[in-house]
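Report on the structure given below.
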Number of protein chains: 2
Amino acid sequence: MYFINNKEYKCSVAVTLDIFNDRWKLAVIWHLLDNSKRFKDLHEDIAEITQKTLTVKLKELEEKNIINREVFPEVPPKVVYSLTPIGEQLKPVLKEMYKWGIKYVEDYGELTNDNLCDAEFKISK
Amino acid sequence: MYFINNKEYKCSVAVTLDIFNDRWKLAVIWHLLDNSKRFKDLHEDIAEITQKTLTVKLKELEEKNIINREVFPEVPPKVVYSLTPIGEQLKPVLKEMYKWGIKYVEDYGELTNDNLCDAEFKISK
DNA sequence: CTGGATCCTTTATGATACTG
DNA sequence: CAGTATCATAAAGGATCCAG
């Protein structure tokens, strides 16, 4: 039995699922795997998300100690997001998701070009 | 570039994230990892979900070829859900989520008893 | 026991405009 | 550039009742 902020979990997998039970958080992590990024860059990477939702998700991830937020006092402002150590450790999870996605597409989808994301770089090491 | 039902994905990880972007599907998979189960048993395993939502999620997973639904013509009815081959292959994903959850709790949570879920059994092999 | 049907609430996300 | 604020919508989920 686990407790996090007075919330109870029967199993550690429930902890993970509870944190990443929305549409975007893991996608954000994915795009931070290879590099720290500015807000703008993340927004370009994940074009389908709105600015507001991205802001919300980044804040949630920061509160859960999964990403760092670093502010540079410049004009115009510069804010850089990066993975914390525990955030870095999500790489195996995303690596397996990446591999599973390929298998799923092989069986039930269609491949038109090559993988366009630089996944090899992201999940290496 | 991938296509699944006329939907376009830049990366295979996006396929996986798009399928499992809700609160319950991966939890259902988790509870099917060790065994086929009846509707009732799944509902007991995941007590927080309502009957309706469980029904919806099972249907979605079946449509995506991730679980099988087998109906036994008995009275009262008996329906058994199990993982398809591609569903089985989600085990590494959940295994990594399980491991990450433990690390996260070690850093930011509290362990009161032992793991109560039979995770060892689920993710072995 | 399984799960459809209906109605309702909550939460997530989006669109748009605005600011230091 | 990196947000905030506001308003609006859609989607997910819940409660309840009912039926084969």
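Only this structure's heavy atoms are used, side chains among them; waters, hydrogens and symmetry mates stay out. Protein chains get the first letters and strands the later ones, always in sequence-line order, with residue 1 at the start of each.
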Between protein and nucleotides 8-13 of chain C, what N or O pairs are separated by less than 3.5 Å?
residue : atom : partner : partner atom : Å
C/dT13  : OP1  : A/R23   : N            : 3.0
C/dT13  : OP2  : A/K57   : NZ           : 2.8
C/dT13  : O4   : A/K52   : NZ           : 3.3

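Atom CG in B/L42 sits roughly 14 Å away from atom P in C/dC1 (whole-Å rounding). Taking atom NE2 of B/H43 as the reference point, atom P of C/dG4 lies 14 Å away to the nearest angstrom.
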Check residues 57-65 of chain A and write down every donor-acceptor pair under 3.5 Å in which the side-chain atom is one partner and the other belongs to a residue at least two apart or another chain.
residue : atom : partner : partner atom : Å
A/K57   : NZ   : A/D22   : OD2          : 2.7
A/K57   : NZ   : A/E60   : OE1          : 3.2

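Nucleic acid contact class of B/K59 (heavy atoms, under 4.0 Å, all strands): sugar-phosphate only.
Judged as a side-chain contact (heavy atoms from CB on, under 4.5 Å), and not counting sequence neighbours, the contacts of B/V71 are B/R69, B/V79. For B/E70, the side-chain contact (heavy atoms from CB on, under 4.5 Å) partners at least two apart in sequence or on another chain are B/F72. Here A/E8 pairs with A/M1, A/F3 under the side-chain contact (heavy atoms from CB on, under 4.5 Å) rule; sequence neighbours left out. A/N68 is linked by a side-chain contact (heavy atoms from CB on, under 4.5 Å) to A/S82, A/T84, counting only residues two or more places apart in sequence or in another chain. The side chain to side chain donor-acceptor pair (under 3.5 Å) check on B/K103 picks up A/Q89, with sequence neighbours excluded. Remark: A/W100 engages A/Y104, B/F20 in a ring pair (Phe, Tyr, Trp, His ring centres under 6.0 Å) (not counting sequence neighbours). Residues satisfying the salt bridge (Lys or Arg N to Asp or Glu O under 4.0 Å) test with A/D18, not counting sequence neighbours, are A/K7.
Counting only residues at least two apart or in different chains, side chain to side chain donor-acceptor pair (under 3.5 Å) contacts with residues 37-51 of chain A comprise A/K37-A/D45, A/T50-A/T53.
Comparing C/dG14, C/dT2, C/dG4 by their closest approach to the side chain of B/F39 singles out C/dT2.
Bracketed by its first and final contacts, the part of DNA chain D lying under 4.0 Å from non-hydrogen atoms of chain B reaches from D/dG13 to D/dG20 in 5' to 3' order.
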Using the side chain to side chain contact (heavy atoms under 4.5 Å, CB included) rule, take A/L32 and A/I67 through it: C-alpha gap first, then chi angles, then the decisive distance, then the call.
CA-CA 9 Å; A/L32 286 176; A/I67 64 172; 3.9 Å; yes
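Against DNA chain C, the stretch residues 74-84 of chain B makes heavy-atom approaches under 4.0 Å through B/P76, B/P77, B/V79, B/Y81.
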